[in-house]
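Below is one structure; the comments refer to it alone.
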Amino acid sequence: MEIFESKSIYRIEYELIKKVKELRLENGWSQTVLSDKMGFAETFVGKCESIEQPEKYNLRHLVILSAVFNVKGLNDFFPNGLPEDELIKIRYKKVPKLKADGTASKLSDSEIVEIVVAEEETKSKSNKGKS
């Protein structure tokens with residue numbers, strides 16, 4: 001099976017996406033339901049959760065997500081503390097989504113194979129040497 005690689009994203013973005021998805025599933029909400037609760041297009045959350053799409057949550061979204069999930073602050077989104085300032089790439093394979101009857105559909109899901117630190121320097125490291 002072919003292995004794909006995402007563009008570089010910051011680890012904090014990835015960890016936030018994982019936590020929001022976890023909270024969404026705990027509430028029994030689909031991506032469309034959460035998008036609606038946030039006041040965005042029905043495909044918004046799906047794009048943020050997709051490894052293949054460039055859309056990711058930003059600070060404005062974090063404020064909205066805090067209200068939607070009724071969380072108090074960053075600690076609720078990052079219970080293990082803020083992640084390291086590093087760029088990562090996600091290696092993944094595409095697997096068929098399952099229909100309600102358990103058979104494979106023509107649509108695919110991404111299954112993470114591994115996460116690797118990207119070769120590029122992080123912004124904070126590259127900014128330290130500049131005056």
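Treat the numbers as computed from the prediction; the structure is a model and nothing was measured.
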Rounded to the nearest 0.5 angstrom, the CG-CG distance for Leu107 and Leu98 is 11.0 Å
Pair listing, salt bridge (charged side-chain N to carboxylate O under 4.0 Å, His left out) test, anchored in residues 5-17, at least two apart:
Glu5-Lys89, Glu5-Arg91, Arg11-Glu86, Glu15-Lys18
Crowded around Lys19 NZ? As in, over 12 foreign heavy atoms under 6.0 Å?
yes
Measuring from Ile64:CD1 to Arg60:CZ, what's the distance to the nearest 0.5 Å?
4.5 Å
Heavy-atom donor-acceptor pair, Ser50 side chain to Gly46 backbone, under 3.5 Å:
no
What distance do Ile17 atom CD1 and Glu55 atom CD have between them, rounded to the nearest 0.5 Å?
10.5 Å
Just wondering, are more than 12 heavy atoms of other shown residues or ligands nearer than 6.0 Å to CD in Gln53?
yes
Can Leu65 be reached from Leu82 by stepping across I, L, V, M, F, W or Y side chains whose heavy atoms are under 4.5 Å apart?
yes
Heavy-atom pair with the smallest gap, counting every atom of Lys56 and Cys48:
NZ-O, 3.7 Å
Euclidean distance, Lys93 NZ relative to Ser110 OG, rounded to 0.5 Å:
11.5 Å
What pair of heavy atoms forms the shortest contact from Ser8 to Ala118, and how long is it?
OG-CB, 3.5 Å
Other than Tyr14, what residues sit in its cluster of Ile, Leu, Val, Met, Phe, Trp and Tyr side chains whose heavy atoms are under 4.5 Å apart, directly or through others?
Phe4, Ile9, Ile51, Ile88, Ile90, Tyr92, Ile112, Ile115
Classify the angle between the aromatic ring planes of Trp29 and Phe69 as parallel (below 30°), tilted (30 to 60°) or perpendicular (above 60°).
parallel
Between Leu62 and Leu74, is there a side-chain heavy-atom distance shorter than 4.5 Å?
yes
Do Val113 and Val116 belong to the same hydrophobic cluster, where Ile, Leu, Val, Met, Phe, Trp and Tyr are linked whenever their side-chain heavy atoms lie under 4.5 Å apart, directly or via other members?
no
In Å and rounded to the nearest 0.5 Å, what is the CD to CZ distance from Glu49 to Phe44?
10.5 Å
Between atom CD of Gln31 and atom CD of Glu42, what is the distance when rounded to the nearest 0.5 Å?
11.0 Å
Any chain of hydrophobic side-chain contacts (each under 4.5 Å) joining Met38 to Val33?
yes
Classify the ring geometry of His61 against Tyr57: parallel below 30°, tilted from 30° to 60°, perpendicular beyond 60°.
perpendicular
In chain order, what residues pass the salt bridge (Lys or Arg N to Asp or Glu O under 4.0 Å) check against Glu52, with sequence neighbours excluded?
Lys94
Any sub-3.5 Å donor-acceptor pair from Asn27's side-chain atoms to Leu23's backbone N or O?
yes
Contact check, side chains of Phe40 and Val45, non-hydrogen atoms, under 4.5 Å:
no
Indicate the atoms forming the closest heavy-atom contact of Ser35 with Ala41, along with that distance.
CB-O, 3.2 Å
